[in-house]
Amino acid sequence: MDTNVKIDGTCPGDTWLSHYEDWLVGGFSACAVSIGGTGSLTSTISKISRAYELVRQDSRLMLVSTTKDIVRAKEEAKLALYLQFQGTEELGYDPELIEVFHRLGVRVMGIAYNRRNPMGDGCEEPKDGGLTRLGAKAISVMNRTGVTVDVSHTGWKTSMDVIEESNQPVVATHSNATGVHFHPRNLPDEVITGISESQGVIGINAYPAFISSSEHPTIDEMIDHAVYIADLVGDTKILGLGLDYCEMDIEEYEKKLSSGLWNEKDYHKPPFEYPSPIRTAHTVDELGTRLIERGFNEAETRGILGNNWMRLFEEDWEKS
């Protein structure tokens, strides 16, 4: 499929649903709207319903489930949205629910969000026990139905188990490299290499704590992660965007701490300052400009901005 698109591989749902105008102004073709992964079954269904309602109300939006849909949305000057889970907690002990969520529009699913669940361990667990037998079954269902397997937020050993288990490409939708900035949410070299060998994609993340130790990271510090990953595997086709723009108040932050999803050591207290000049999604063109200035050619930059995600989705989704 020969088309140029701009895709944000991770948009936290509450922020995106309230501020999707930023992605429209920024000229995005498609957004992965994080709608579940750590909530109850009923709350997640309610969020999916809210997304459906928004699409009905705003003719500039299109809910998509195939790459052909993304192309059609672009041709009609609409913003495509596809649904993403950042974990599997809604599934409980029933991986077959993945097929149900696939039918509802979920096209990308993480294994574990920071903490342990029945499928495997998250990256904040002090002892990463790896993928469980139930997790292996979940990956089998994802591969069968055309749901892309995501290891962002997943424990490092668990991630390697996932890569070995999956017969489809594995992605990290919104993760950076520990080789640039050590953080449990970033990826060690072996996971990056494993994702590359699976023909997967890593979405470079703009969330400040994952870029550097500064609370005011620069765009060049963010691009350093892209350069490191591309140099490590010798290919820019592994790179995409997973910008992870998150607006949060202190009450929601405290809830994440008390639930064990986040901890104070690894997650900054809000408000968060994203790298200038791409502090919101509406200025993302500045990122493309700076990628060119840092030595990526035009084709490589178009790949990072969205074409690499499209290549992967063509392989992963179209079986369904």
Is it true that [X] and [Y] have a side-chain N and a carboxylate O under 4.0 angstrom from each other?
X    : Y    : answer
E21  : R60  : yes
D285 : K6   : yes
K127 : D121 : no
E96  : R144 : yes
R279 : E273 : yes

Please give me the minimum heavy-atom distance between [X] and [Y], naming the atom from each residue.
X    : Y    : answer
W317 : I70  : CZ3-CD1, 4.1 Å
G92  : M119 : O-CE, 3.7 Å
M248 : C246 : CE-SG, 3.6 Å

Task: Candidate list D220, T301, T218, test side chain to side chain donor-acceptor pair (under 3.5 Å), partner R290, passing option - done: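 Considering D220, T301, T218, a side chain to side chain donor-acceptor pair (under 3.5 Å) with R290 is found only for D220.
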- [ ] For a side chain to side chain donor-acceptor pair (under 3.5 Å) with E53, tell me which candidate from R56, R50, Q57 qualifies.
- [x]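 With E53 as partner, R56, R50, Q57 yield a single side chain to side chain donor-acceptor pair (under 3.5 Å), made by Q57.
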TODO: In sequence, state the C-alpha distance, the side-chain angles, and the governing distance for E315 and R311, and then conclude on salt bridge (Lys or Arg N to Asp or Glu O under 4.0 Å).
DONE: CA-CA 7 Å; E315 176 177 345; R311 181 264 308 166; 5.0 Å; no
Without swapping roles, check the side chain of [X] against the backbone of [Y] for a donor-acceptor pair under 3.5 Å.
X    : Y    : value
E90  : G37  : yes
R185 : A209 : no
T283 : P277 : yes

Open item on the list: So if I apply the ring pair (Phe, Tyr, Trp, His ring centres under 6.0 Å) rule between F272 and each of F210, Y253, Y207, which one comes out positive?
Closed with: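 In the set F210, Y253, Y207, the residue that makes a ring pair (Phe, Tyr, Trp, His ring centres under 6.0 Å) with F272 is Y207.
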[X], [atom1] atom: more than 12 neighbouring heavy atoms under 6.0 Å:
X    : atom1 : result
K256 : NZ    : yes
E293 : CD    : yes
E247 : CD    : no

